[in-house]
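Residue numbers begin at 1 in each chain, while the letters A, B, ... track the order of the sequences. Owing to the predicted nature of the structure, the values given are computational and were not obtained by experimental measurement. Hydrogens, waters and symmetry mates are skipped; everything else that's a heavy atom, side chains included, is used.
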Amino acid sequence: MITVKGIQFSYGNQPKINIPDIELNGGDELLVLGKSGSGKTTFLNILGGLLAPHQGEILIDGVSLYKLKGHELDKFRGSHIGIIFQKPHLLGPLTVAENIALPYFFAKKPSDNKVLYYLKELGIHGKQHARIQTLSEGEAQRVSIARALVNEPKIILADEPTSSLDDENAGLVVNLLKNQARKLQAALIIVTHDQRIKNHIDRSITFNPSGL
Amino acid sequence: MSIFKLSWKYLMAKPLSTGLNILLLALGLSIITVLLLIEDQFENKMSRDAAGIDLVIGAKGSPLQLVLSSVYHIDFPTGNIPLDEASAVSRNRLIKSAIPMGLGDNYEGFRIVGSNHEYLELYNVNFSSGKAWAKPFEVVLGSKVAKEKGFKVGDTFIGSHGIASASHEHDEHPYVIVGVLAPANNVIDELILTSIESIWYSHDDAYDHEKLEQEVAIKGFPKTDEPREITTVLVAYRNPIAAVQLPRMVNARSSLQAASPSFEIARLYELLGIGISLIQGLALVIIFIAGLGIFIALFNSLKERKYDLAVMRAIGAAKSQLFLMILLEGVMLTFIGAVLGLFLGHLFIYLLVVINEQGVISGLTAFAFVEKEWWIIAYSLLVGLLASIIPAWNAYRTDIAGQLTR
């Protein structure tokens, strides 16, 4: 269960961003829509434990995210939250398999066969030893999704996952995320300004530049 | 995956920059290694070769030259001294033992030393074959001479006047090898040893067959009615008072000079010390530049890797893990640099020894490890830590959300 309660944030003297109270259960989906500068990414960063809000609380399975200190928060983020960035942002010096396994290592979990499982699940099996530079944009995006899923998180956050994709691929990626979230019984939150995927997700909220 | 592997992967992602930084550091450290090896081995060799010799008495001239030529056999002798005068001095009650020596000849660069059996006892020699000389023109070879020239007992050769290999030959007086010494790891390995009488007779205008059949002096000074000369006398003191009185007494004599090996070598180190300090200073500057290079490389690479670091934090990396990762990169660079520097230092000594088959340098070995070399590794790791601590701190403070939003 994910609970977002009374969150407020502002950058310096800029207007306050008020985040609506949200409750999500495992397997729930939420689309966060809004134009650039509306605070969507800020919301995602706060939810992902990357940016502490000025006010309010986020509870994930009963754990208040920002009451965790330093290393505890890092560890919690690594093991409970899977983040998919707008661009894949894979680490160049590492292979595909090493990129996917990285959250394992940071969470100090023993390595198992999940890397190969997700390579297969996302249709990129056989690429585990490939260098990042040799991947197509679509393959790289799938690797970044596998990296977000490998620790079997409770919440999957995707920031503009379809912005650089055509209609067909955008639909494929959203369905992929939905399927995996369902399998993991994780809450899926997609932050986007891409109206194309509105029909794929039942529940949505829209952010406006002046706050919600 | 481990932090170590992660750091290594990032280092290997920029092979040219990594390689150049390692090479620069290795060059500085190799200079220090060479200096350490030479200093340590020279000190050991110098003290080994001069063991049991408190004073050298010879002709007036440079005392350092007298010691270098008589004890270490690496310089030209200062000249000769009258046998009777040297013999008279050696009877002084302050002298425990006096070993006369006649120098000045060589065989293809290997010095021929005329002395008695006490000289062999001074270095506790062992024979690998044959025995000590008993008659004129019988010689005993040091292990290195025998090995390099392929000589064995029974072989003969003709010595040359002078101590350089291009000197003219004494073609009338062949030397006969009667013994070969076992390796002693000191100066005697490179010498050809014979009696003083052999040296005398080889320089005589006409030689007397009768003399060549007589036994030579095994101990003390050779007995002769002729006005003969020797080159030096190696003296061991009877008591500590001798160290104060004897040199002053000998130096007061018009034709003789006394020089203390320990004093002269200390003076030599003092003179060389300035040069060594300069080279050490240069090496330290190179190491400093290498450290600075590593700092700049890590600092610049962080600018390019800020997003990578933010992504790592976002997927669960702790600040301390990123700090350690960057720190390890610096330490790994310097550790590899240190190992390569030590290797290059030893390789340089090896090549130096191969090029210089004779003389003091040939006594060095590239295969000895000096304890101080551990310090080279320790100092390098310290350089690595210092060079990477600021970049590591910057990595530690990575603003995840700020970077990911950019």
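- To the nearest 0.5 Å, the span separating CZ on Phe105(A) from CG on Leu6(B) amounts to 6.5 Å.
- Enclosure of atom CZ in Phe369(B) by more than 12 non-hydrogen atoms of other residues, nucleotides or ligands within 6.0 angstrom is indicated.
- Between chain B and the residues Lys87(A), Arg77(A), Gln86(A), the most heavy-atom pairs under 4.5 angstrom are made by Arg77(A).
- Atom NZ of Lys154(A) is surrounded by 12 or fewer heavy atoms from other residues, nucleotides or ligands within 6.0 Å.
- When the shell of 6.0 Å around NZ of Lys75(A) is examined, it contains 12 or fewer heavy atoms from other residues, nucleotides or ligands.
- The environment of CD in Gln8(A) is crowded: more than 12 heavy-atom neighbours from other residues, nucleotides or ligands sit within 6.0 Å.
- Atom CD of Gln133(A) has more than 12 neighbouring heavy atoms from other residues, nucleotides or ligands inside a 6.0 Å radius.
- Heavy-atom distances place no part of Lys14(B) under 4.5 Å from chain A, backbone and side chain included.
- Few gaps surround OH on Tyr117(A); more than 12 heavy atoms of other groups in view lie less than 6.0 Å from it.
- Side chains of Tyr307(B) and Leu91(A) form no contact here, defined as non-hydrogen atoms less than 4.5 Å apart.
- Among His71(A), Arg147(A), His89(A), Glu98(A), the residue making the largest number of heavy-atom pairs under 4.5 Å with chain B is His89(A).
- The candidate from Ile83(A), Leu94(A), Leu51(A) with the greatest count of non-hydrogen atom pairs under 4.5 Å with chain B is Leu94(A).
- Within 6.0 Å of atom CZ in Phe288(B), 12 or fewer heavy atoms from other residues, nucleotides or ligands are found, so the atom counts as exposed in its surroundings.
- Residues satisfying the ring-ring contact (aromatic ring centres under 6.0 Å, His included) criterion with Tyr118(A), sequence neighbours excluded, are absent altogether.
- By the neighbour-count criterion of 12 heavy atoms within 6.0 Å, atom CD of Gln195(A) is densely surrounded, having more than that number from other residues, nucleotides or ligands.
- For residues 308-330 of chain B, heavy-atom neighbours of chain A at less than 4.5 Å comprise Asp308(B), Val311(B), Met312(B), Arg313(B), Ala314(B), Ile315(B), Gly316(B), Ala317(B), Ala318(B), Lys319(B), Gln321(B), sorted by residue number.
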